[in-house]
There are 2 protein chains.
Amino acid sequence: MTHSEKARRSSGKRERLAAAAAKVLHEQGVEQTTLADIARAADVPVGNVYYYFKTKNELVEAAIAAHAQNLRAVIGELDALPTPQDRLKALLNGWVEQRELTARYGCPTGTLASELDKRADGLDQAIAEVMQILIDWAAHQFQAMGRDDSRELALALVAAYQGISLLTNTLRDPELMTAEGRRLERWIDSLT
Amino acid sequence: MTHSEKARRSSGKRERLAAAAAKVLHEQGVEQTTLADIARAADVPVGNVYYYFKTKNELVEAAIAAHAQNLRAVIGELDALPTPQDRLKALLNGWVEQRELTARYGCPTGTLASELDKRADGLDQAIAEVMQILIDWAAHQFQAMGRDDSRELALALVAAYQGISLLTNTLRDPELMTAEGRRLERWIDSLT
DNA sequence: GTCTATATCGAGATAGAC
DNA sequence: GTCTATCTCGATATAGAC
């Protein structure tokens with residue numbers, strides 16, 4: 001029996017737990033978050049969590065998978081836009097729109113990556129793959145613009161976002177994201 | 001009796017603990033690090049730690065202060081260089097030289113900032129001030145170059161560094177730092 | 001499949017001998 | 001000032017009733 005089959009039979013509690021984990025882990029961080037926190041957010045009794053996830057690590061893994069799926073959905077929408085410049089700028093817009101959340105809790109992927117890197121488990125690899133999805137997509141856009149340094153540009157773009165997310169969060173100023181968004185937009189225009 | 005007086009009388013154990021804390025917290029993260037870890041690294045018995053620091057938070061605070069002092073020392077050396085361009089490029093060079101450490105553990109200031117932000121204590125403010133030291137210094141250099149958007153440029157520079165540090169760490173590839181360092185150097189040249 | 005009660009364990013913190 | 005032994009508490013995880 002697969003996970004999704006189990007989930008159908010149990011009124012989606014597994015999905016609720018994974019979604020709640022993604023949200024609460026972003027807000028509180030992995031170490032600060034107890035299973036009780038996640039269970040409460042998902043409206044599931046604490047002890048019951050272990051029926052769906054054998055360990056806390058498995059729950060974190062499910063949260064990472066939820067992030068990955070979310071990222072793929074965002075990217076899928078961007079791909080409907082006509083030019084690579086449009087697509088990259090729409091990505092920037094999305095980041096700027098999230099600025100209040102970022103000022104409070106940082107970038108969901110970035111803060112997770114930073115935390116998981118300090119742990120012995122294999123979860124750092126999983127979050128690295130999520131980050132790579134974004135980098136690869138951005139590189140693809142720069143390539144479509146005819147740049148032969150597309151990978152370096154993609155890394156610079158994602159780094160700029162991760163960095164300004166950290167500063168926005170650390171200094172609690174959402175407008176840092178707005179200003180950097182504008183700057184990156186001009187940068188993209190200058191590349192053509 | 002002040003702390004430094006106490007320290008003199010106790011063969012510098014307080015300083016040893018603060019320095020060990022700075023190192024171990026960078027390597028393992030705040031939550032993953034036990035007082036026993038820090039005590040061992042400083043070669044001090046565990047129970048004795050509480051004579052010097054009443055709580056774990058106070059030790060973390062001391063570690064942040066050590067980082068701040070270290071940063072000020074680095075900046076002090078850079079200030080000896082003749083032009084703002086030289087000073088900024090020397091800062092970049094220092095970052096690139098640290099790339100192996102960054103690939104393993106991330107930027108000391110950035111990873112601490114990311115972690116402390118998820119905590120209820122007031123330590124997020126302390127690390128924000130350390131970050132601000134660097135931003136202010138960089139803004140000063142851009143201003144000396146005659147730029148009236150010096151603060152925005154400084155934020156972009158520090159963000160680029162924080163971001164590429166995160167990617168270098170997450171993807172475990174020190175050469176990402178090398179490439180971005182070269183790119184930022186060209187960027188600085190283009191601003192004059 | 002669902003949930004309660006509880007075992008276990010490790011960390012921060014303290015008491016008090018020296 | 002220094003260090004050992006120990007208290008306390010909270011979190012993960014499990015046993016087992018329903």
Side-chain angles (χ1 to χ4, degrees), chain A residues 1-22 24-25 27-64 115-116 118-123, chain B residues 1-22 24-25 27-64 115-116 118-123:
Chain A
M1 182 165 62
T2 68
H3 279 152
S4 58
E5 280 164 350
K6 256 191 206 168
R8 235 175 289 130
R9 293 191 192 182
S10 55
S11 40
K13 283 195 185 175
R14 192 174 207 279
E15 279 70 16
R16 287 222 309 279
L17 280 167
V24 179
L25 291 177
E27 294 174 357
Q28 306 191 346
V30 177
E31 303 296 334
Q32 306 275 337
T33 299
T34 69
L35 291 178
D37 290 335
I38 298 171
R40 198 180 324 113
D43 201 32
V44 167
V46 200
N48 201 358
V49 172
Y50 286 93
Y51 177 74
Y52 299 97
F53 300 93
K54 280 195 289 293
T55 64
K56 184 182 180 179
N57 265 0
E58 278 194 18
L59 237 183
V60 176
E61 206 171 356
I64 295 172
E115 261 196 288
L116 293 178
K118 308 280 186 190
R119 292 170 60 117
D121 49 49
L123 266 43
Chain B
M1 184 165 60
T2 69
H3 280 151
S4 58
E5 279 164 351
K6 256 193 207 167
R8 235 175 288 130
R9 292 192 191 178
S10 55
S11 38
K13 283 195 184 171
R14 199 188 147 87
E15 279 69 19
R16 286 222 311 279
L17 281 167
V24 179
L25 291 177
E27 293 174 357
Q28 306 191 344
V30 177
E31 302 296 332
Q32 305 276 336
T33 299
T34 68
L35 291 178
D37 291 334
I38 297 172
R40 199 180 324 114
D43 200 35
V44 166
V46 201
N48 201 358
V49 172
Y50 286 93
Y51 177 73
Y52 299 98
F53 300 93
K54 279 194 289 293
T55 63
K56 184 180 180 180
N57 265 0
E58 279 195 16
L59 237 183
V60 176
E61 207 172 352
I64 296 172
E115 261 196 290
L116 293 179
K118 309 280 187 193
R119 292 170 61 116
D121 48 49
L123 267 44

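So you know, we letter chains A, B, ... as the sequences are listed, proteins then strands, and number each from 1. Computation of the quantities below employed the complete heavy-atom set of this structure, encompassing side-chain atoms and omitting hydrogens, waters and symmetry-equivalent molecules. From a predicted model like this one, the values you see are computed outputs, not experimental measurements.
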Could you state the [atom1]-[atom2] distance from [X] to [N], rounded to the nearest angstrom?
| X | N | atom1 | atom2 | value |
| --- | --- | --- | --- | --- |
| Ile38(A) | dA11(D) | CD1 | C1' | 12 Å |
| Lys56(B) | dG12(C) | NZ | P | 5 Å |
| Gln32(B) | dG12(C) | CD | P | 11 Å |
| Leu35(B) | dT6(D) | CG | P | 20 Å |
| Tyr50(A) | dA13(D) | OH | C1' | 5 Å |
| Asp37(B) | dG10(C) | CG | C1' | 12 Å |
| Leu59(A) | dA13(D) | CG | C1' | 13 Å |
| Glu31(B) | dG10(C) | CD | C1' | 14 Å |

Inset, instruction - Determine, for Glu31(B) against Lys118(A), whether the closest basic-nitrogen to carboxylate-oxygen distance falls under 4.0 angstrom. - result: no
Minimum-distance nucleotide to [X] side chain [options: [options]]:
| X | options | answer |
| --- | --- | --- |
| Lys13(B) | dG12(C), dC3(D), dA13(D) | dC3(D) |
| Pro45(B) | dT4(D), dG12(C), dT12(D) | dT4(D) |
| Asn48(A) | dG12(C), dT2(C), dA13(C) | dT2(C) |

Legend entry - Any Tyr52(A) side-chain nitrogen or oxygen under 4.0 Å from OP1 or OP2 of dG1(C): no
Legend entry - Phosphate OP1/OP2 of dG1(D): any Tyr51(B) side-chain N/O under 4.0 Å: yes
Legend entry - Glu61(A) side chain near Asp121(A) side chain, heavy-atom distance below 4.5 Å: no
Inset, instruction - State the CD-CG distance between Glu58(B) and Leu123(B), to the nearest 0.5 angstrom. - result: 10.0 Å
Inset, instruction - Output the distance between atom CG (Leu59(A)) and atom CD1 (Ile38(A)), rounded to the nearest 0.5 Å. - result: 5.0 Å
